[in-house]
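Every chain is numbered from 1 and lettered A, B, ... according to where its sequence line falls, protein lines coming before strand lines.
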2 protein chains.
Amino acid sequence: MLKLSKLTDYAAVIMAQIARDPEQAHTAAELAVRVSLPHPTVGKTLKMLSKSGLLESRRGSHGGYVLSRSPAEITASDIIAAIEGPIGMTECSHADGDCELMDTCGVADNWQRVSQAIRTLLDCVTLAHLAQSGPLKLPVQLPIQSVTLPSTTGAVREH
Amino acid sequence: MLKLSKLTDYAAVIMAQIARDPEQAHTAAELAVRVSLPHPTVGKTLKMLSKSGLLESRRGSHGGYVLSRSPAEITASDIIAAIEGPIGMTECSHADGDCELMDTCGVADNWQRVSQAIRTLLDCVTLAHLAQSGPLKLPVQLPIQSVTLPSTTGAVREH
DNA sequence: GTTAAAGAGGACTAAAATGGTCCTATATAG
DNA sequence: CTATATAGGACCATTTTAGTCCTCTTTAAC
């Protein structure tokens, strides 16, 4: 399924919520109500986002969270990485290269390229995009310039 | 992490192994040795791949598995979907729309666009690509023509 | 100062997904 | 008839994930 974890999903929703009112500081309690999720869970998510530097927190009375950068400067990659750690399709796509199947694997290099392509894609999607309420009519080509894949004779399929 | 499951990883390695010698029928036992994985696990993976139509099986003595299409016509999407089911980053990106948080979510549409982009990307990666042993020097631009994202004022970041 | 509101940090539990094994049935070649 | 394979599940152990809770610290207001 290549799915995001629930917490990551929550994180995106919460970040979008904050992005729609970026001046205010938002408390966990308030956000929990807005996104219809339990307070402790929202709190946990906010802590993670804060710890990875996507949010800034103010403690004490009148405290809460604000975005540490503008919505256009926070990417989907950032949010995913904040909750799930480094983005990669395989263990070996980022790790310290201690996969014992390296020699019999034979596909590691190419999976890494694909992982890189997905990272690039997610780098292009900003919180500003995500926070937009409805689907927009204006299509924009996604630039994936930095992505390269090995060429096989005619093996790129057309769809 | 946006990670593939181990079984999917195995599936890719196994498919690549078969793709490198596509004439022969390969038994689970033989492939298990080649990819240094336990026989039962390889067997399970092969069954899944066979059930989704990526492999054809011949039972009985002298049996085994062969690709049901050429390596250039089997995509990474196919392999992932065979093991993990439909590709999508969120529950709602393919399901029957019964997410109870729909109204407070506000990001569903855009996640679905991103999911679609990843699907398109993975559709462009074929088994022929994956089966290539080493990293290749010939870079090829990935065509992501069919992918569109909502446009926000200048919110697409350059990298 | 005291108090109330808020986040920080971590421990803990319950539930779900995943990985892996094994068993029985069925098909096929020789 | 027998040996060799896959088909199809059942099953269990492990890991991951989700979710809750408790205590500590910080801050603002009175």
In whole angstrom, give the distance that lies between atom [atom1] of [X] and atom [atom2] of [N].
| X | N | atom1 | atom2 | value |
| --- | --- | --- | --- | --- |
| B:Leu2 | D:dT17 | CG | P | 12 Å |
| B:Ile18 | D:dT6 | CD1 | C1' | 13 Å |
| A:His39 | C:dA8 | NE2 | C1' | 13 Å |
| A:Glu84 | D:dT17 | CD | C1' | 11 Å |
| A:Met48 | D:dT20 | CE | P | 13 Å |
| A:Glu91 | C:dG19 | CD | P | 11 Å |
| B:Leu55 | D:dA5 | CG | P | 17 Å |
| A:Glu56 | D:dT26 | CD | P | 18 Å |

Under 4.0 angstrom, heavy atoms only, what part of the nucleic acid is [X] near: base, sugar-phosphate, or nothing?
| X | result |
| --- | --- |
| A:Gly43 | nothing |
| A:Ala29 | nothing |
| A:Leu7 | sugar-phosphate |

N/O (side chain, [X]) to phosphate O (OP1/OP2, [N]) under 4.0 Å:
| X | N | value |
| --- | --- | --- |
| A:Ser50 | C:dA8 | yes |
| A:Tyr10 | D:dG19 | yes |
| A:Tyr65 | C:dA8 | yes |
| B:Ser5 | C:dA17 | no |

Min side-chain heavy-atom separation A:Leu2-B:Leu4 under 4.5 Å: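 With C-beta onward as the side chain, the pair touches.
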Given C:dG10, D:dG9, D:dG19, identify the nucleotide with an atom nearest to the side chain of A:Lys6.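 Nearest to the side chain of A:Lys6 among the choices is D:dG19.
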Of all heavy-atom pairs between A:Ala82 and A:Leu54, which one has the smallest distance, and what is that distance? CB-CD2, 3.9 Å
N/O donor to acceptor pairs below 3.5 angstrom from side-chain atoms of residues 31-39 of chain B, sequence neighbours left out:
| residue | atom | partner | partner atom | Å |
| --- | --- | --- | --- | --- |
| B:Arg34 | NE | B:Glu30 | OE2 | 3.4 |
| B:Arg34 | NH2 | B:Glu30 | OE2 | 3.3 |

Without swapping roles, check the side chain of B:Asp9 against the backbone of B:Lys6 for a donor-acceptor pair under 3.5 Å. no
Hey, which sits more toward the 5' end of DNA chain D by its nearest nucleotide, A:Ser61 or A:Thr41?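 That would be A:Thr41.
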Residue closer to the 5' end of DNA chain D, A:His62 versus A:Thr8 (nearest nucleotide):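 Final value for this comparison: A:Thr8.
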Against A:Gln116, only a single residue in A:Arg119, A:Arg113, A:Gln112 fulfils side-chain hydrogen bond (donor to acceptor under 3.5 Å, both in side chains); can you say which? A:Arg119
Can you give me the N/O atom pairs linking the protein to nucleotides 22-26 of chain C at distances under 3.5 Å, or say none if there are none?
| residue | atom | partner | partner atom | Å |
| --- | --- | --- | --- | --- |
| C:dT26 | O3' | B:Arg59 | NH2 | 3.2 |

CG of B:Asp123 to CD1 of B:Ile87: how many Å apart, nearest 0.5 Å?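 Going from CG on B:Asp123 over to CD1 on B:Ile87, the span is 7.0 Å.
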Under 3.5 Å donor-acceptor pairs involving side-chain atoms of residues 44-51 of chain A, not counting sequence neighbours:
| residue | atom | partner | partner atom | Å |
| --- | --- | --- | --- | --- |
| A:Thr45 | OG1 | A:Thr41 | O | 2.9 |

Treating Ile, Leu, Val, Met, Phe, Trp and Tyr as nodes and any side-chain heavy-atom pair under 4.5 angstrom as an edge, say whether B:Ile80 and B:Leu7 lie in one connected cluster. yes
